[in-house]
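This report refers to the structure that appears directly beneath it.
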Amino acid sequence: MENFEVIGGNELHGEIEVNGAKNFALKILPAIVLMSGKCKITNLPFIEDIRRMLELLEDLGAKIESDESQKTVEIDPTGISKTALSETLVRKLRSSIILAGPMLSRFGEVKMSHPGGCVIGKRPIDMFLDGFGAFGAEVQWEEEAFILKAKDGKLKGADIFFPKVTVTGTETMVMAAVLAEGKTILRNAAMEPEISVLAEYLNSCGAKIKGAGSPTIEIEGVKEISGGEFRVIPDRIEAGTFVMMGLLTKSEITVKNCIPEHLGAVIPILKKAGANLEIGEDYITTKKSDLIATSIATHEYPGFATDIQPPYTLLMTQAKGISIIHEAIFEGRLFFTDQLNTMGANIIMCDPHRVVVSGPTELYGKRLTSPDLRAGITMILAGMIAKGKTVIDNIYQIDRGYEKIEERLQKLGVDIKRVKEN
Ligand code: EPZ
């Protein structure tokens with residue numbers, strides 16, 4: 001078992017490069033199933049979730065050559081022959097459901113076990129199944145798995161109105177529509193930057209997608225699309241998290257290779273809270289700031305990203321005054337705050353979606369357990385500002401989303417190390 005040990009109190013210096021976005025890579029990789037030629041992905045983060053997705057593709061029959069030192073992978077999807085996804089891998093990777101879209105679009109059939117939820121919420125897939133149904137796919141339930149089959153072996157274009165905005169639901173239905181017969185319209189679609197870039201890359205291979213990045217997306221089905229070369233865009237969640245790290249440790253650090261506009265409402269909120277930031281074309285520099293409590297409600301893009309809520313909640317424990325954090329998207333994403341309270345934070349839970357934070361409070365090192373990747377990285381940040389030593393276990397959750405995180409933080413002057421605990 002591995003843990004992270006963090007000694008608090010260091011001021012940080014220097015710059016940290018943002019990696020390729022996990023939540024983009026987990027979409028462009030399944031999209032390759034649609035393609036009839038070889039592909040190359042660059043700036044790929046080699047984190048646990050990506051390794052699982054590559055293993056899923058290889059298990060289906062794709063030929064994969066990875067070069068981790070170059071952050072590159074070359075994939076030939078033309079050899080894909082299986083339509084049943086590996087059960088053990090699906091259970092490890094919630095976002096494996098995304099593969100069902102391109103698999104149905106290309107092969108007219110896919111078998112998989114339920115991808116399961118995680119601690120931040122039940123993570124249902126009703127909108128996926130309803131969406132596939134609209135395309136004319138039928139579900140056959142088995143003991144531990146389900147099979148989706150397109151009527152007459154081919155998806156037909158559909159008009160789908162999402163009852164709730166769903167990011168991977170939108171991306172999955174876009175991919176299902178690419179090779180479907182006829183026209184598809186997606187309404188109340190998510191507008192995350194990753195969706196716009198996915199559509200841009202698919203269109204460069206011959207797909208016909210209009211309106212990505214707006215609430216209404218139109219896709220004209222085509223017979224086939226080619227392969228290509230795609231660069232993973234910078235991870236806006238990493239960028240936002242590292243900016244909060246600079247503010248929390250009252251350090252001047254520069255977060256490099258990011259796209260500030262992809263942070264949406266996070267920057268205006270931080271400025272409203274008194275953050276002293278220098279925003280460049282592809283970087284953000286933090287400066288010492290006197291923070292005042294500022295309430296937020298998470299919201300789909302361009303609102304305040306739910307994945308950046310946990311580090312922001314920690315930041316509010318160091319701001320003057322009382323703030324309300326309304327986690328409007330997931331029902332289980334605030335429970336990590338009870339572990340911050342064991343460190344000395346003053347956070348009261350009103351209901352699973354809302355906490356009241358009073359600050360500033362002194363934090364003291366504790367032994368913590370990382371419930372999910374975003375709460376996990378927040379615990380590392382808490383350890384950086386706490387007095388004494390903080391030990392964080394279950395760090396597979398952190399490795400799922402942050403590549404070589406301890407090495408990258410050590411370069412800034414963070415006293416963190418990965419230790420094996422027998
Ligand atoms: C994506 O998850 C991200 N994951 C999440 O990041 C992110 O938090 C989330 O979008 C919101 O921005 C990836 O992109 C791989 P949703 P997704 O479908 O698409 C409900 C991280 O930490 N819902 O937008 O699964 C759902 O329960 C992860 O990197 C249904 O009810 O989220 C939630 O309440 C965590 N039925 C809401 O919709 C469905 O069929 C929004 O979820 C699907 C979703």
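From a predicted model like this one, the values you see are computed outputs, not experimental measurements.
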Margin query: Using side chain to side chain donor-acceptor pair (under 3.5 Å), reason through T216 and S214 one step at a time and then give a plain yes or no.
Written below: CA-CA 5 Å; T216 306; S214 84; 5.2 Å; no
Next item on the list: Start with the C-alpha gap between S196 and E200, add the side-chain angles, then the distance that decides, and say whether side chain to side chain donor-acceptor pair (under 3.5 Å) holds.
Entry: CA-CA 6 Å; S196 305; E200 183 194 319; over 6 Å; no
Check: So M384 and L381, side-chain contact (heavy atoms from CB on, under 4.5 Å) or not? Walk me through it.
Finding: CA-CA 5 Å; M384 288 181 201; L381 270 53; 4.1 Å; yes
Checklist line | K40 vs D67, salt bridge (Lys or Arg N to Asp or Glu O under 4.0 Å): CA-CA, chis, key distance, verdict | finding: CA-CA 11 Å; K40 184 174 180 182; D67 182 344; over 6 Å; no
Next item on the list: Test side-chain contact (heavy atoms from CB on, under 4.5 Å) on K417 and I7 and set out the steps.
Entry: CA-CA 9 Å; K417 54 181 189 289; I7 305 293; 5.8 Å; no
Next item on the list: Using the side chain to side chain donor-acceptor pair (under 3.5 Å) rule, take E421 and N3 through it: C-alpha gap first, then chi angles, then the decisive distance, then the call.
Entry: CA-CA 7 Å; E421 190 174 68; N3 300 329; 3.3 Å; yes
Next item on the list: Apply the test side-chain contact (heavy atoms from CB on, under 4.5 Å) to residues I80 and F107: give CA-CA distance (whole Å), side-chain angles for both, the deciding distance (0.1 Å), then the verdict.
Entry: CA-CA 10 Å; I80 290 179; F107 301 104; 3.6 Å; yes
Next item on the list: Report the C-alpha distance between V33 and L99 in whole Å, list the side-chain angles of each, state the deciding distance to 0.1 Å, and finish with yes or no for side-chain contact (heavy atoms from CB on, under 4.5 Å).
Entry: CA-CA 8 Å; V33 167; L99 263 171; 3.8 Å; yes
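D282 places no side-chain N or O within donor-acceptor distance of the main-chain N or O of C258, the cut-off being under 3.5 Å. In this structure, S105 contributes its side chain and G101 its backbone to no donor-acceptor pair below 3.5 Å. D372 contributes no side-chain N or O that, together with a main-chain N or O of I120, makes up a donor-acceptor pair within less than 3.5 Å. In terms of modelled atom types and a separation under 3.5 Å, the side chain of T342 and the main chain of L340 share no donor-acceptor contact. Counting only distance, with no hydrogens or angles, the side chain of R94 and the backbone of R123 share a donor-acceptor pair below 3.5 Å. Without hydrogens or angle criteria, K92 side chain to T88 main chain gives no donor-acceptor distance under 3.5 Å. For the pair R106 (side chain) and M35 (backbone), a donor-acceptor distance under 3.5 Å is present. A donor-acceptor contact shorter than 3.5 Å is absent between the side chain of S370 and the backbone of Q397. Although no hydrogens or angles enter the test, the distance criterion places a donor-acceptor pair under 3.5 Å between the side chain of T286 and the main chain of I253.
Counting heavy atoms from C-beta outward, M244 and T378 have side chains that stay 4.5 Å or more apart. Side-chain contact check for M175 versus L34: some heavy-atom pair is nearer than 4.5 Å. Within the 4.5 Å cutoff, the side chain of P115 has heavy atoms near those of the I125 side chain. No side-chain heavy atom of I325 sits less than 4.5 Å from a side-chain heavy atom of T337. In this structure, the side chains of K27 and T168 come closer than 4.5 Å at one or more pairs of heavy atoms. At least one side-chain heavy atom of L373 sits under 4.5 Å from a side-chain heavy atom of K22. Using a 4.5 Å heavy-atom cutoff, the side chains of V391 and F4 are not in contact.
When all heavy atoms are compared, the tightest approach of P260 to G280 is CG-O, 3.4 Å. Of all heavy-atom pairs between L12 and S251, the closest is N-OG, 2.8 Å. Minimum interatomic distance between V414 and N10 (heavy atoms only, all atoms of both residues): C-ND2, 4.4 Å. A pairwise comparison of heavy atoms in G383 and V6 identifies C-CG1, 3.5 Å as the closest pair. Looking at every heavy atom in both residues, K256 comes nearest to Y283 through CA-CB, 4.3 Å. Considering all non-hydrogen atoms of both residues, E403 and K71 come closest at OE1-NZ, 3.2 Å.
The pair D49-R52 does not meet the salt-bridge criterion, since no charged nitrogen lies less than 4.0 angstrom from a carboxylate oxygen. A salt bridge does not link K208 with E218: every distance from a Lys NZ or Arg NE/NH1/NH2 to an Asp or Glu carboxylate oxygen is 4.0 Å or more. Between D393 and R367, at least one side-chain N (NZ, or NE/NH1/NH2) sits under 4.0 Å from a carboxylate O, which counts as a salt bridge. Taking a cutoff of 4.0 Å between a charged side-chain nitrogen and a carboxylate oxygen, E278 and K271 do not qualify as a salt bridge. A salt bridge is absent between K63 and E58; no separation between the charged side-chain nitrogens and carboxylate oxygens falls under 4.0 Å. Ionic pairing of R51 and D399 is not present here: no N-O contact between side-chain nitrogen and carboxylate oxygen is shorter than 4.0 angstrom.
The salt bridge (Lys or Arg N to Asp or Glu O under 4.0 Å) test applied to E144 returns R91, not counting sequence neighbours. With sequence neighbours left out, K111 forms a side-chain hydrogen bond (donor to acceptor under 3.5 Å, both in side chains) with E142. For the salt bridge (Lys or Arg N to Asp or Glu O under 4.0 Å) test, residues two or more places apart in sequence or in another chain that qualify with R187 are D159. Considering only residues two or more places apart in sequence or on other chains, Y402 meets the ring pair (Phe, Tyr, Trp, His ring centres under 6.0 Å) condition with none of them. Under the salt bridge (Lys or Arg N to Asp or Glu O under 4.0 Å) criterion, E192 pairs with no residue at all, not counting sequence neighbours. Residues satisfying the side-chain contact (heavy atoms from CB on, under 4.5 Å) test with V165, not counting sequence neighbours, are N188, A190, E300. Every residue two or more places apart in sequence or in another chain that forms a side-chain contact (heavy atoms from CB on, under 4.5 Å) with P371 is listed here: V119, F336, Q339, A375, M379. Listed by chain and number, the residues in a salt bridge (Lys or Arg N to Asp or Glu O under 4.0 Å) with K82 are D59 (sequence neighbours excluded). When the ring pair (Phe, Tyr, Trp, His ring centres under 6.0 Å) test is applied to Y201, the partners found at least two apart in sequence or on another chain are F24, F230. Partners of N341 by side-chain contact (heavy atoms from CB on, under 4.5 Å), not counting sequence neighbours, listed by chain and number: A345, I347.
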Which atom pairs, one a donor and one an acceptor, fall under 3.5 Å between side chains of residues 128-141 and the rest of the protein, sequence neighbours left out?
none

Hey, can you pull the donor-acceptor pairs under 3.5 Å for the side chains in residues 287-298, sequence neighbours left out?
from : atom 1 : to   : atom 2 : distance (Å)
K288 : NZ     : E11  : OE2    : 3.1
K288 : NZ     : K250 : O      : 3.4
S289 : OG     : N276 : N      : 2.8
S289 : OG     : K287 : O      : 2.7
T294 : OG1    : I292 : O      : 3.0
S295 : OG     : I324 : N      : 2.9
T298 : OG1    : E327 : OE2    : 3.1
T298 : OG1    : A328 : N      : 2.8

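Tested against R236, the residues H262, E194, E261 include a single side chain to side chain donor-acceptor pair (under 3.5 Å) partner, E194. Checking each of E407, E406, E5 against I416 for a side-chain contact (heavy atoms from CB on, under 4.5 Å) leaves exactly one that passes, namely E406.
At most 12 non-hydrogen atoms from other residues, nucleotides or ligands lie less than 6.0 angstrom from NZ of K183.
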